[in-house]
Amino acid sequence: MNRRDLLRASTALGAGGAVAGATGLGAAGPAAAAASGPAGAAASGPAGAAGGAGAGKPLRVHVVMFDGVEELDFAAPYEVFSASRFFTDRPVEVRYVTTSRPGFVRASYGTRVGVEHGWAPQEADIVVVPGGGYARREDPGVWAEIRRGTLPRALGAAPRPGLTVAALCTGVMLLSAAGLTRGRPCTTHHRARPDLEREGGVLKKARVVDDGDLVTAGGITSGLELALWLVRRELGADAATGLEAMLEYEARGTVWTPTRI
């Protein structure tokens, strides 16, 4: 275990103790209190509570990378999912993937990120699509990926039983280009909402929209809420509240779901 993991593990133990020692947290923890409406309670996801029936099978998360991707769009979900392993008995595997040849991608503000893994959605339980570059049509980013067509085609072919396709910010427009949001409840960055609606998305006024195998979130910082919600859904409420304590961040905004939880 390296120094950073050791520090995180120590923090996680402290956070876990705080959660365990509190009375009546569970689904009424910080994230649930912040999420208004029907989704305020914890979801009962496919994996159930942490350490439950899915404890032996890894939760496999693939974060999609491309030139022009927004730094916070990919870094926030990666951090949340990676740190979630400190709060569950279930193994969690997180990797960056690309539809291009593995190597380096240059993010929106110039950060170079090594991507070692190719496109393999059949090996994932969750695929997370970040956004970036939507306001600059001629620069690398979402528009360039839509014009190139490779990533939208790959996303369009990805859905299968057991896979959740998630996106945040203008990464949702890549799902739209793939035909995945047409007729489905969804959301995106506020400046892209008219485009998403014009392309057939059923817009919801929520920070996160969970329509089962399709989960979308609003702009940039919403990636934190997206990942925390999916951790809550897949690994349980204790994992999510423990993460919030470790990150010193409380999920905010509404999580829309089609039925009461």
Side-chain angles (χ1 to χ4, degrees), residues 29-40 42-43 45 61-66 68-84 94 96 107-109 126-135 141-142 155 164-176 180-181 184-197 199 201-235 239-241 243-244 246-258 261:
S36 61
V61 182
H62 291 188
V63 180
V64 181
M65 299 292 283
F66 50 87
V69 65
E70 185 88 20
E71 275 85 347
L72 191 55
D73 276 22
F74 68 81
Y78 190 93
E79 175 89 6
V80 170
F81 283 116
S82 295
S84 69
V94 189
Y96 290 134
S108 182
Y109 292 97
I126 300 173
V127 171
V128 179
V129 185
Y134 198 73
V142 168
L155 288 167
T164 296
V165 178
L168 64 140
C169 196
T170 54
V172 180
M173 300 310 299
L174 286 164
L175 302 190
S176 181
L180 298 182
T181 58
R184 301 286 298 271
C186 54
T187 190
T188 185
H189 189 282
H190 66 278
R191 290 189 175 178
R193 284 174 67 86
D195 294 339
L196 183 59
E197 186 171 37
E199 294 175 12
V202 180
L203 293 186
K204 298 297 179 181
K205 292 183 178 180
R207 193 158 172 85
V208 176
V209 175
D210 184 340
D211 194 34
D213 61 356
L214 178 71
V215 184
T216 55
I220 310 177
T221 57
S222 298
L224 286 163
E225 276 73 29
L226 175 71
L228 284 166
W229 173 255
L230 287 170
V231 165
R232 178 178 288 268
R233 196 183 84 170
E234 301 296 328
L235 301 177
T241 53
L243 268 169
E244 288 182 332
M246 188 193 84
L247 296 170
E248 297 193 1
Y249 181 83
E250 293 185 5
R252 64 186 182 88
T254 300
V255 176
W256 182 95
T257 60
I261 296 171

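FYI, side chains are in, hydrogens and waters are out, and symmetry mates aren't considered; it's all heavy atoms of this structure. Being a predicted model, the structure only gives us computed values, none of them experimental.
In this structure a side-chain-to-backbone donor-acceptor pair under 3.5 Å is missing from E70 to I220. Side chain of T187 to main chain of A217: no donor-acceptor pair is present (N/O by atom type, distance under 3.5 Å, no hydrogens or angles). Looking only at distances, a side-chain donor or acceptor of E71 sits under 3.5 Å from a matching main-chain atom of Y109. One N or O on the side chain of S222 and one on the backbone of G219 form a donor-acceptor pair closer than 3.5 Å.
A 4.5 Å side-chain heavy-atom check between T221 and R252 finds at least one atom pair inside the cut-off. Proximity of Y134 to H189: side-chain heavy atoms (C-beta onward) are nowhere separated by under 4.5 Å. Counting heavy atoms from C-beta outward, K204 and D211 have side chains that stay 4.5 Å or more apart. Residues L230 and F81 are in side-chain contact: their nearest non-hydrogen atoms beyond the backbone lie under 4.5 Å apart.
L196 approaches S176 most closely through the heavy-atom pair CD1-CB, 3.9 Å. Shown here for C169 and D73, the closest heavy-atom pair between the two residues is CB-OD2, 3.2 Å. Of all the heavy atoms in P130 and L174, the pair that sits closest is O-CD1, 4.3 Å. Residue M246 comes nearest to A83 through the heavy atom pair CE-CB, 3.4 Å, listed as atom of the first residue, atom of the second, then distance. Nearest heavy-atom pair across L214 and P185 is CD2-O, 4.3 Å. The two residues Y96 and A75 make their nearest non-hydrogen contact at OH-CA, 4.5 Å.
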**Item:** E199/T181 under side-chain contact (heavy atoms from CB on, under 4.5 Å): CA gap, chis, key distance, verdict
**Value:** CA-CA 8 Å; E199 294 175 12; T181 58; 5.9 Å; no

**Item:** Residues R184, T216; criterion side chain to side chain donor-acceptor pair (under 3.5 Å); working and verdict
**Value:** CA-CA 10 Å; R184 301 286 298 271; T216 55; over 6 Å; no

**Asked** Between V142 and F66, is a side-chain contact (heavy atoms from CB on, under 4.5 Å) present by the stated rule, with each step listed?
**Response** CA-CA 9 Å; V142 168; F66 50 87; 4.2 Å; yes

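With rounding to the nearest 0.5 angstrom, the CZ atom of R232 is 6.5 Å from the OG1 atom of T241.
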